[in-house]
Protein chains: 2
Amino acid sequence: MATRPATGVTIYQVAQRAGVSTATVSRALRNDPRISDPTRIAVQEAAAALDYLPRAAARSLAAGNRTHALGLVLPHIDGPYYADLLVGFETAASQAGYSVIITLANPRQDSRAAIRSLAAQVDGIAFMARSAARSDLIEEIARTRPVVTAARSRVGANDAFFVENEDVAEELTSHLLANGRQRIAFVGSPEPGSDLGMRHRGHQAAMTAAGLPTSTHPVFPSEQEGRRFALELLESGMEHDALVCGNDELALAVLQTLQQHGVRVPDDVAITGWDDTVTARYVSPGLTTVSQPVRQLGGMVVQRLSQRIDGADPTAEVVTLPATLAHRTSCGCNPTGGNNPNESNKELP
Amino acid sequence: MATRPATGVTIYQVAQRAGVSTATVSRALRNDPRISDPTRIAVQEAAAALDYLPRAAARSLAAGNRTHALGLVLPHIDGPYYADLLVGFETAASQAGYSVIITLANPRQDSRAAIRSLAAQVDGIAFMARSAARSDLIEEIARTRPVVTAARSRVGANDAFFVENEDVAEELTSHLLANGRQRIAFVGSPEPGSDLGMRHRGHQAAMTAAGLPTSTHPVFPSEQEGRRFALELLESGMEHDALVCGNDELALAVLQTLQQHGVRVPDDVAITGWDDTVTARYVSPGLTTVSQPVRQLGGMVVQRLSQRIDGADPTAEVVTLPATLAHRTSCGCNPTGGNNPNESNKELP
DNA sequence: CTGAAAGCGCTTACAG
DNA sequence: CTGAAAGCGCTTACAG
């Protein structure tokens with residue numbers, strides 16, 4: 001039952017047991033059609049009897065340096081966003097015959113070494129959202145192997161995928177305006193180029209088009225900061241009749257905190273989020289938010305990476321996937337109120 | 001800007017540019033103290049100028065077959081449970097100098113090939129929960145390299161980690177009983193040996209100890225099935241005054257569906273879940289559920305794997321981490337009602 | 001259909 | 001402090 005020593009069963013031992021050369025073992029195990037059935041069976045039996053597992057490293061080195069692995073750099077996974085991205089990525093990768101090696105790297109930490117080491121293990125690598133990797137590191141790696149980015153500012157001429165932010169944000173704010181809201185504020189720190197930054201721009205465009213003044217509360221998009229902001233708002237007296245929050249985490253924290261202090265949503269204030277988390281469907285009132293095709297995004301990134309590995313050049317264009325409004329009741333347009341999950345994913349007409 | 005051909009810069013070219021041997025390059029790049037500063041700097045400059053990235057495969061093959069990678073087999077990630085597990089695992093792995101290669105494998109699909117190929121790439125491998133891997137495959141791989149399982153039935157003499165189910169389940173049901181509930185049902189399919197199976201056992205133990213009859217609704221633990229079950233319950237007339245659900249997904253679906261049909265929770269019926277998902281804190285009433293130390297679990301699995309890789313034998317004992325009640329208001333013991341997030345993680349006294 | 005042998009890109013005793 | 005050379009475990013033309 002003891003694990004074999006580090007240097008376990010090799011192809012030589014399988015060859016010896018089967019009475020053939022290592023070349024034949026190599027071929028038989030990969031079902032090379034040139035090998036005869038009896039030989040193939042003998043080899044497979046020998047391999048099974050010895051629990052032989054061909055070392056991926058040796059195979060990779062011998063077979064033209066392909067690792068058949070894809071790297072994925074993500075920030076730490078909290079919400080469903082990154083989990084879904086990972087699922088989409090892994091599913092597509094395994095279908096395409098790649099394994100996936102992940103590295104979680106938050107913007108703060110120094111992960112140059114970890115990311116370089118990841119790059120050294122894979123045929124191609126994807127950088128997602130606001131993960132640690134700085135642009136110069138990404139450029140350096142891109143000189144070495146195919147690189148694709150997603151939901152983060154483009155690096156060099158590498159392929160880049162996005163989910164649309166600005167237009168949906170404009171649509172969302174317009175919707176609030178159409179329902180009579182006027183004193184609408186954006187909640188979330190709108191760093192230029194970031195997702196929140198783009199959402200903020202779309203929001204502002206709608207406000208400006210309506211001839212209304214804009215108001216922005218630069219709150220870090222976390223539950224904790226959301227609660228703190230809501231309390232501040234309560235102290236200073238609610239001046240807004242709608243809050244467009246940068247993500248669901250923020251929106252939910254604000255929603256719950258305000259409710260706990262007697263504010264009625266959406267009657268007193270409408271609230272919207274972004275990401276369409278599970279909780280958005282369960283809170284009362286149901287949270288109007290934006291749904292993003294995250295799994296699809298993961299799949300498309302893999303597809304592009306795979307093409308690049310097979311020799312394709314980077315495409316010049318940037319791919320932007322559409323996001324859609326998940327229209328529930330916290331936006332205040334639905335006078336019947338009730339949070340009906342059967343309608344939870346309905347879009348605006 | 002074009003990616004270099006598959007066979008990119010090698011150690012030979014760095015050696016040539018720096019005017020030293022490949023041995024010196026190898027040492028200089030890994031900061032071997034034997035290399036003089038001037039030489040080291042020259043080598044580093046040459047490597048940087050050429051964007052040299054040492055191939056992990058060649059390195060692994062040359063250096064005693066260590067891959068410095070850990071394998072992680074998970075079912076598809078939906079809830080926060082697996083996402084947290086992954087974060088705990090990855091964090092610990094990267095601290096210990098391992099990269100992590102993941103494979104998502106649901107019980108239905110045939111992933112023997114994928115899992116074997118994963119095993120061939122790593123120094124050790126962890127099988128989590130109800131992922132695809134059958135015991136015979138796990139045993140086969142365990143003969144090859146260190147294997148650890150978590151939250152799934154133990155395989156052979158390999159290290160196995162669990163989060164406690166039965167005792168907490170008993171505690172949870174006892175709590176409902178202490179608050180006057182009598183007609184308590186368990187909701188969820190209690191497959192023997194599974195998490196739900198253990199939770200069911202604990203539940204039954206409490207009921208039996210109280211001299212009460214037990215009632216089990218074998219519902220597949222998903223949102224959809226939860227809703228269907230709730231509708232059935234409504235049709236057949238509510239006979240229960242409490243529902244112990246196998247997980248939060250189920251509990252939340254049941255809770256919301258019943259509420260939509262006028263059932264008052266917890267007044268008419270108490271409801272509890274399991275997993276302490278984000279939504280449990282946001283629904284109204286707050287969902288009483290069970291919180292599991294999932295990140296810690298991931299970290300401990302890595303630690304054990306790492307010890308095994310360093311030569312330790314499998315420990316004979318099975319490690320079971322404690323779970324704790326996350327006590328909110330859906331259980332009906334808190335007459336003041338309100339869903340107060342500040343108390344959301346309070347345990348029972 | 002099968003084998004002998006070179007080679008993939010590193011690391012590491014062994015020498016000096 | 002540095003180098004020459006063997007070797008890690010595979011695959012793959014090249015021969016037969």
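Chain letters run A, B, ... following the sequence lines, proteins first and then strands; every chain starts at 1.
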Quiz question: going by heavy-atom distance under 3.5 Å, is there a donor-acceptor pair between the base of dC8(D) and the side chain of Y12(A)? no
Would you say the side chains of R30(B) and S26(B) form a donor-acceptor pair under 3.5 Å? yes
Is the shortest side-chain N/O distance from T22(B) to OP1 or OP2 of dG3(D) below 4.0 Å? no
Listing time: all N or O pairs from protein to nucleotides 14-16 of chain D that are below 3.5 Å?
none

What contact category does T39(B) fall into here, base, sugar-phosphate, or nothing, at under 4.0 angstrom with non-hydrogen atoms? sugar-phosphate
Tell me the partner of dT2(C), counting only Watson-Crick (N1-N3 plus N6-O4 or O6-N4) or G-U wobble (N1-O2 and O6-N3) with both under 3.5 Å; none if nothing fits. dA15(D)
Are R308(B) and D123(B) ion-paired here, with the side-chain N under 4.0 Å from a carboxylate O? no
R17(A)/E45(A) ion pair, N-O < 4.0 Å: no
Separation of I11(B) atom CD1 from dG7(D) atom C1', in whole Å? 15 Å
Enter the distance from Q95(B):CD to S306(B):OG here, rounded to the nearest 0.5 Å. 11.5 Å
Ignoring backbone atoms, establish whether T24(B) has a side-chain N or O less than 4.0 Å from OP1 or OP2 of dG3(D). yes
Taking only N and O in the side chain of S36(A), is any of them less than 4.0 Å away from OP1 or OP2 of dT2(C)? yes
Donor-acceptor side-chain pairing of D51(A) and T144(B) below 3.5 angstrom: no
Rounded to whole angstroms, how far apart are CZ on R55(A) and P on dC10(D)? 5 Å
From the list dA4(D), dC8(D), dC10(D), which nucleotide is the closest neighbour of the side chain of S21(B)? dA4(D)
Atom pair CZ/OG1 of R304(A) and T149(A) - distance to nearest 0.5 Å: 12.0 Å
For a quick test of reading the model: is some side-chain N or O of R66(A) closer than 4.0 Å to OP1 or OP2 of dC8(C)? no
